[in-house]
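Each chain gets a letter, A, B and so on, in the order its sequence line appears, and its residues count up from 1.
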Number of protein chains: 2
Amino acid sequence: MKGEAILEEEAAPRAADGQEIDLSKLTDLVGYQLRRAQIAVFDDFIRSFAPYDIRPTQYGVLTAIESNPGSSQAAIAQSLGIKRSNFVKLIDEFERRKLVVRKPVAGDRRANALFLTKAGQAELAELHQVRAAHEARIAALIGDERDRGALLKQLQRLTTMRG
Amino acid sequence: MKGEAILEEEAAPRAADGQEIDLSKLTDLVGYQLRRAQIAVFDDFIRSFAPYDIRPTQYGVLTAIESNPGSSQAAIAQSLGIKRSNFVKLIDEFERRKLVVRKPVAGDRRANALFLTKAGQAELAELHQVRAAHEARIAALIGDERDRGALLKQLQRLTTMRG
DNA sequence: TATTGTTATACTCTATAACTATA
DNA sequence: TATAGTTATAGAGTATAACAATA
């Protein structure tokens with residue numbers, strides 16, 4: 001089922017004519033298509049949020065804090081799959097921009113509890129609208145709500161490959 | 001539809017109890033699930049190919065050269081979305097490992113034509129088997145061939161978001 | 001002038017080790 | 001002893017600019 005000619009030694013190389021590269025062996029792979037789709041979707045996301053100077057990870061962190069006000073850095077970081085050590089600069093940046101505040105935890109003087117500021121809440125409300133427009137562009141490509149649900153379910157199944 | 005309590009000032013912070021972080025606002029997003037699925041699938045891929053010291057990008061490059069022997073660095077790199085400048089070290093490494101050779105192109109003395117060596121062909125044949133096992137694990141999660149085809153089609157549609 | 005391969009460089013992400021202060 | 005936050009650092013991956021040789 002393979003059997004293509006073996007060109008090696010000094011056989012006259014067939015030069016690159018340009019774009020006629022056959023990637024069919026890759027485009028049939030779930031992992032390859034998954035990566036290309038993720039890059040395309042993230043490109044759209046990044047362009048949409050560029051005016052707000054917000055990256056996908058930052059949107060995820062703000063949204064997690066919004067849904068879980070008062071949770072510790074460690075808890076939020078872990079839930080998002082971010083190392084505690086890498087999380088520090090993310091929160092530093094948010095505090096510098098007055099979007100998030102660290103507050104001491106009553107019963108545990110080691111931990112920082114995270115909250116959105118009023119400005120952070122207002123900013124995130126705008127970001128949610130940008131996200132809605134982004135998701136609408138995705139929905140236009142993948143079909144109706146039934147198709148979208150089926151896709152999310154398949155992606156969630158793949159996520160269980162973890163570990 | 002929002003209306004969660006606004007905790008700010010010095011309100012007693014609800015400490016991080018641990019893992020009960022609500023990410024439902026993120027898990028409903030295609031982009032978020034796409035990224036998590038891609039990470040999970042790549043983790044499996046990377047672990048599978050670790051004994052061969054091959055990363056996903058390297059497998060893609062070798063497979064592209066196999067399907068397009070004699071194509072130039074620029075052509076292969078562009079087809080895979082890799083910058084020419086970043087492609088150089090990739091090919092350097094393959095030449096060091098005797099898996100790929102650069103050969104001069106007859107009509108264009110600027111270009112390098114890429115070929116797998118005999119060793120490279122043998123190695124890649126083994127890698128294809130590792131990939132088949134990896135894809136089989138994916139198939140076990142996503143269903144039959146019909147489900148797999150539907151998923152690939154949806155991912156390809158998302159890829160058209162590019163540009 | 002444009003293209004191929006190359007070098008150098010920088011910036012983001014991610015991973016690890018070690019420190020401190022608390023528990 | 002273990003955990004939360006922090007710092008420093010190293011390694012991928014990716015992006016741009018510039019150069020020499022060639023077209």
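Distance CD1 (Ile91(B)) to C1' (dT6(C)): 13 Å, rounded to an integer number of Å. Between Gln58(A) atom CD and dT12(C) atom P there is a gap of 11 Å when expressed in whole angstrom units. For the pair Ile46(B) CD1 and dG11(D) P, the computed distance is 18 Å after rounding to whole Å. Nucleotide dA21(D) holds its P atom 15 Å from the CG atom of Asn112(B), rounded to whole Å. In this structure, the CZ atom of Phe87(A) is 20 Å from the C1' atom of dA8(D), given to the nearest Å. In this entry the distance linking CG of Leu90(A) with P of dG5(D) reads 14 Å, nearest Å.
For the pair Gln73(A) and dT6(D), the criterion of a side-chain N or O lying under 4.0 Å from OP1 or OP2 is met.
Using modelled atom types, one finds a donor on one side chain and an acceptor on the other under 3.5 Å when comparing Gln154(A) with Arg157(A).
A salt bridge links Glu93(B) with Arg97(B): the distance from a Lys NZ or Arg NE/NH1/NH2 to an Asp or Glu carboxylate oxygen falls below 4.0 Å.
Every residue meeting the side-chain contact (heavy atoms from CB on, under 4.5 Å) condition with Arg131(B), not counting sequence neighbours, appears here in chain and number order: Leu29(A), Phe49(B), Tyr59(B), His128(B), Glu135(B).
Following chains of ILVMFWY side-chain contacts shorter than 4.5 Å, one cannot reach Val88(A) starting from Val61(A), and the two form parts of different hydrophobic clusters.
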Would you give a per-nucleotide map of nucleotides 13-23 of chain C, 5' to 3', where B means the base has a protein non-hydrogen atom under 4.0 Å away, S means only the sugar-phosphate does, and - means neither? SBBBB---BBS

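Interatomic distance, Ile76(A) CD1 to Ile91(A) CD1, rounded to the nearest 0.5 Å: 8.0 Å.
Proximity of Tyr32(B) to Leu155(A): side-chain heavy atoms (C-beta onward) are nowhere separated by under 4.5 Å.
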